[in-house]
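Working notes, structure below.
Every chain is numbered from 1, with letters handed out A, B, ... down the list of sequences.
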Amino acid sequence: MKLSEIVDALDATLLIGEDKLDKSITRCGASDLMSDVLAAVSEDCVLLTGLTTVQVIRTAIVAGVGAVVFVRKKKPPQEVIDMAKDQGIPLISSPYSMFVSCGRLHACNLTGLDGKR
Amino acid sequence: MLATLPGLTENDNLPLINARPARITAPSENFKHMSQLKKSFHIKSRDFIRAGEASINIQNLLKSMDFDPSLIRRVAICGYESEMNVVMHGGDGTLSIEVDSDRLILEITDDGPGIEDIDLAMQAGYSTANDDHREMGFGAGMGLPNMKKNSDRIQVDSKKDDGTLVRMIFFIPEKGETD
């Protein structure tokens with residue numbers, strides 16, 4: 001599904017990445033443990049997390065994550081937003097909990113990082 | 001601080017852990033005539049804000065040299081996990097990348113407290129991290145296992161109170177060979 005459809009499905013706010021709204025995403029991972037993200041096949045996925053540190057963005061850069069969703073209405077500090085902007089990584093803020101955010105995206109046919117539903 | 005190890009060759013009988021099957025290692029046309037390059041980056045202990053910068057620099061360097069994206073990703077993941085290990089547990093350290101004709105060598109050294117039980121540290125889920133580390137999304141005991149998984153060879157050399165050296169080798173795939 002397109003990134004714009006992910007934003008709609010989550011009733012979310014796009015923090016940055018308007019130029020990437022047509023990007024196609026098929027897989028989704030949810031974790032606050034960045035090593036788990038690094039251990040999985042995370043390229044071009046959407047990452048749901050409750051962490052808002054610079055390490056989330058560095059993990060996204062290193063692992064090739066397609067977009068980051070911060071759950072529970074979280075908004076990261078400005079330096080985190082700036083870093084993501086520099087690197088062209090879209091950031092989204094979802095008003096829902098991790099569980100509900102995951103459920104909504106699963107209902108939209110996104111798979112896990114391993115391709116399973 | 002541990003001494004730098006001599007250069008490895010495929011036939012070296014060092015106590016390497018075979019993380020991945022050995023690959024075809026003949027240099028591709030692109031790299032046959034490339035002169036060897038080595039770059040080092042200082043890693044500061046407890047600097048959680050900058051942790052990961054060196055690995056992203058290495059990632060960008062390898063991208064500029066047109067290496068296989070999958071290979072670059074594996075090197076960057078190993079570098080990042082290495083950096084986090086040093087920032088969390090080690091003293092100050094150095095992360096270096098060496099580009100050879102048929103392989104990339106990623107090496108991290110630190111003058112921290114060393115690893116008491118390397119076998120235990122290699123087990124997924126074993127961790128000596130604290131809550132501060134976990135708040136940054138690390139410290140789940142996946143660092144060294146991730147480094148083992150993503151490198152073709154890994155060597156861990158450490159003693160209690162005597163620093164740590166981790167050396168990882170990534171064989172450069174033949175052109176057209178995918179990971």
**OP:** Look at the side chain of B/Asn146 and the backbone N and O of A/Ser35, then say whether any donor-acceptor pair between them is shorter than 3.5 Å.
**Re:** yes
Subject >> B/Glu135 portion near chain A, given a 4.5 angstrom heavy-atom threshold >> reply: backbone
Subject >> Contact class of B/Ile56 relative to chain A, heavy atoms under 4.5 angstrom >> reply: side chain
Between [X] and [Y], is there shared hydrophobic-cluster membership here, with clusters defined by ILVMFWY side-chain heavy atoms closer than 4.5 Å?
X: B/Leu120; Y: B/Val156; result: no
X: B/Ile118; Y: B/Met88; result: yes
X: B/Tyr80; Y: B/Met142; result: no
X: A/Ile25; Y: A/Leu105; result: yes
X: B/Phe41; Y: B/Leu37; result: yes

Over 12 non-hydrogen atoms of neighbours within 6.0 angstrom of [atom1] in [X]:
X: A/Lys23; atom1: NZ; result: yes
X: A/Lys74; atom1: NZ; result: yes
X: B/Arg50; atom1: CZ; result: no
X: A/Glu18; atom1: CD; result: no

Let me know if [X] has heavy atoms under 4.5 Å from chain B in its side chain, its backbone, both or neither.
X: A/Val80; value: neither
X: A/Glu79; value: neither
X: A/Leu51; value: side chain

**OP:** Mind ranking A/Thr49, A/Leu33, A/Leu38 by heavy-atom pairs under 4.5 Å with chain B and telling me who comes out on top?
**Re:** A/Leu38
**OP:** Rounded to the nearest 0.5 Å, what's the gap from CG on A/Asp32 to CE on B/Met136? Could you check?
**Re:** 12.5 Å
Subject >> Residues of residues 6-16 of chain A contacting chain B, heavy-atom criterion under 4.5 Å, by residue number >> reply: none
**OP:** With a 4.5 Å heavy-atom cut-off (strictly below), which parts of residues 52-71 of chain A touch chain B? List them by number.
**Re:** A/Thr53, A/Val54, A/Gln55, A/Arg58, A/Thr59, A/Ile61, A/Val62, A/Ala63
